[in-house]
Asks: 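Below: one structure in structure tokens.
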Amino acid sequence: MTVVTRFAPSPTGFLHIGGARTALFNWLYARHHKGIFHLRIEDTDRVRSTEAAIEAIIDGLKWLGLGWDGEITYQFARAPRHAEVVLQMLEAGKAYRCYCSPEELDEMRKAAQAAGKPMKYDGRWRDRDPKDAPAGVKPVIRLKAPQVGETIVVDGVQGEVRVANEQLDDMVLLRSDGTPTYMLSVVVDDHDMGITHVIRGDDHLTNTFRQRQIYDSMGWEAPHFSHIPLIHGPDGAKLSKRHGALGVEAYRDMGYLPVALRNYLLRLGWGHGDDEIISTEQAIEWFELSGIGRSPSRFDFAKLDNLNGHYMRQSDDAELAKAVADRLGKASDAGGIALLTRAMPGLKSRAKNLKELAENSAFYVQARPLPFTDKAKAILTTPETVGLMPKLIDTYARADNWQAASLEETARAFAESAGVKLGAAAQPLRAALTGSTQSPPIFEVMEILGKDEAMARLKDAPLG
RNA sequence: GUCCCCAUCGUCUAGGGGCCUAGGACAUCACCCUUUCACGGUGAAGACACGGGUUCGAAUCCCGUUGGGGACGCCA
């Protein structure tokens with residue numbers, strides 16, 4: 001049997017981090033089994049669905065590297081098919097028309113809650129004669145759900161979960177305007193698309209009982225369900241669009257790498273022994289439902305940063321240089337990109353994301369005169385520096401060999417003859433050449449900058 | 001209110017009756033490396049929510065309590 005999974009977001013906002021993880025798990029599961037991964041946009045809520053959201057979701061998935069198979073399914077386009085299924089159920093006596101007003105329903109729920117009962121529709125139109133139908137009221141169509149016994153779901157993550165049918169009411173299948181509800185649409189689409197495994201957020205677990213009833217009512221075989229625990233924010237509450245969740249594009253803008261985000265998201269709720277750094281290929285090979293944990297997890301930027309740093313250090317220098325140039329608005333500066341590429345080995349171990357990397361790289365391609373941080377200024381204006389620097393600069397002006405090792409030798413010899421530590425020479429150099437007190441090894445910086453630029457910067461230095 | 005799910009270091013987790021004086025990773029702290037900051041290396045501190053069972057033996061199984069989360073729409 002070919003495994004068929006799907007990611008089915010509703011386009012009411014960006015692709016948030018929880019959705020991204022759900023997509024990742026479905027993608028991984030399909031790839032692991034050499035199966036199919038579908039994308040279905042659940043746009044049946046015509047009021048809240050937007051084109052912009054659809055675009056954001058598609059862009060997000062592409063950026064994350066989670067490609068889907070075949071065409072995208074748009075759920076709203078399938079509404080006629082959904083309605084057709086409801087009609088079948090109606091004819092088979094498995095569904096019925098209900099003429100309750102919203103006010104009646106509201107009262108029902110309030111009364112049930114007050115009486116300590118589950119808040120559900122009481123089924124008053126279930127067996128009522130259709131002739132009683134009030135004139136001018138468009139009915140909804142409800143499922144004639146079983147009233148006794150229990151509905152059981154065997155979940156890939158949660159195990160066997162059961163609920164008494166008396167807890168569940170006759171859900172609405174078709175709204176009074178003739179459009180299908182979510183509960184019905186998902187079931188019909190999953191069935192028609194041949195979905196074999198549904199992997200989704202835990203918040204759908206209780207919905208699954210209702211969906212199960214629809215499958216049973218239609219005599220369809222239900223897919224295998226797996227409900228993954230939700231990702232919580234630092235405060236422990238569900239991470240949602242309204243509660244601190246960020247879209248994947250926000251992570252992109254913060255400078256995180258797709259590969260790092262995939263690795264991080266994979267480890268959030270899924271484990272394979274003590275493994276932490278897991279390549280995407282390795283993830284595809286290892287991913288199994290049994291590795292999914294049952295308890296919710298919290299999003300932790302510190303760990304994401306660590307992972308991102310790891311993957312940045314492994315990234316290709318030229319690619320990083322391009323990304324940095326892009327962020328610095330110098331994407332078309334070929335010379336700058338070449339210089340940044342050479343500088344990248346010293347730069348990339350000093351940043352945990354592309355944003356930082358760009359900030360730390362800026363001094364290399366910064367036009368003179370350089371801006372100086374307060375600390376850099378302070379170093380350049382100490383009496384010791386003021387006394388030392390002119391002589392050091394003069395020494396370098398006469399240097400022929402501009403290789404880092406040679407430059408360092410020169411500085412060491414200079415420091416020794418002046419009776420100071422190497423740092424006394426290196427730190428002012430750093431301040432003058434980078435405008436900062438923190439940078440890659442300063443002699444490496446000098447070499448990469450080249451003698452002309454380095455000397456010019458040294459002469460610019462605001463000594464004293 | 002009703003139902004469902006969950007519960008190991010601050011965080012992510014390993015663990016599925018004896019291998020656990022509970023392992024790893026991130027974060028934290030110390031030391032080493034060192035021209036700064038990182039990277040890297042070494043080490044430290046740090047957890048089985050609580051109470052009952054079951055068992056020769058429980059982090060692991062059962063029940064309860066507490067705590068957290070989720071669902072109860074003509075939203076998805």
Asks: Regarding Phe209(A), tell me which of base, sugar-phosphate or nothing describes its non-hydrogen contacts under 4.0 Å with the strands shown.
Replies: nothing
Asks: What is the distance, to the nearest angstrom, from the NE2 atom on His204(A) to the C1' atom on C5(B)?
Replies: 15 Å
Asks: For U54(B), which nucleotide in any strand shown is its Watson-Crick or wobble partner with both distances under 3.5 Å?
Replies: none
Asks: Find the distance Asp106(A):CG to G73(B):C1' and express it as a whole number of Å.
Replies: 10 Å
Asks: What about Ser176(A), does its side chain sit under 3.5 Å from the base of C74(B) through a donor-acceptor pair?
Replies: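 For Ser176(A), whose side chain was compared with the base of C74(B), there is a donor-acceptor pair (under 3.5 Å).
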Asks: Can you tell whether the side chains of Lys138(A) and Asp177(A) come within less than 4.0 Å, N to carboxylate O?
Replies: no
Asks: Taking only Lys NZ, Arg NE, NH1 and NH2, and the carboxylate oxygens of Asp or Glu, determine whether Lys144(A) and Asp170(A) approach each other closer than 4.0 Å.
Replies: no
Asks: Protein within reach of the bases, or only the backbone? For nucleotides 23-33 of chain B, mark each nucleotide 5' to 3' as B, S or -, using heavy atoms under 4.0 Å.
Replies: BBBSS------
Asks: Using side-chain heavy atoms (C-beta onward) and a distance below 4.5 Å, is Phe7(A) in contact with Leu15(A)?
Replies: yes
Asks: Below the 4.0 Å mark, does G73(B) have OP1 or OP2 next to a side-chain nitrogen or oxygen of Arg109(A)?
Replies: yes
Asks: Below 4.5 Å, heavy atoms only, C-beta onward: do Pro345(A) and Asp317(A) meet side chain to side chain?
Replies: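 Heavy-atom side-chain distance check passes, below 4.5 Å.
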Asks: Answer yes or no: side-chain N or O of Asn360(A) and base N or O of A38(B) forming a donor-acceptor pair under 3.5 Å.
Replies: no
Asks: Does some side-chain heavy atom of Arg48(A) sit less than 4.5 Å from a side-chain heavy atom of Pro11(A)?
Replies: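 No, their side chains stay 4.5 Å or more apart.
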Asks: Any luck finding a side-chain donor-acceptor pair between Arg262(A) and Thr280(A) under 3.5 Å?
Replies: yes
Asks: Met183(A) CE to A71(B) C1': how many Å, rounded?
Replies: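 Atom-to-atom, Met183(A) to A71(B), this comes out as 9 Å.
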Asks: Atom CG of Asp305(A) and atom P of C12(B): how far apart are they, to the nearest Å?
Replies: 16 Å
Asks: Can you confirm whether Arg200(A) sits close enough to Arg6(A) that some side-chain heavy atom of one is under 4.5 Å from a side-chain heavy atom of the other?
Replies: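 Yes - at least one pair of side-chain heavy atoms lies under 4.5 Å apart.
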Asks: Would you classify Pro296(A) as touching base, sugar-phosphate or nothing, given that sugar-phosphate means primed atoms plus P, OP1 and OP2, and contacts are heavy atoms under 4.0 Å?
Replies: sugar-phosphate
Asks: How many whole angstroms separate atom CD of Gln167(A) from atom C1' of U2(B)?
Replies: 6 Å
Asks: Would the base of C37(B) count as contacting Arg350(A) through its side chain, where contact means a donor and an acceptor less than 3.5 Å apart?
Replies: yes
Asks: Taking atom types as they are modelled, would you say the side chain of Arg298(A) forms a donor-acceptor pair with the base of U11(B) within the 3.5 Å cutoff?
Replies: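 There is none.
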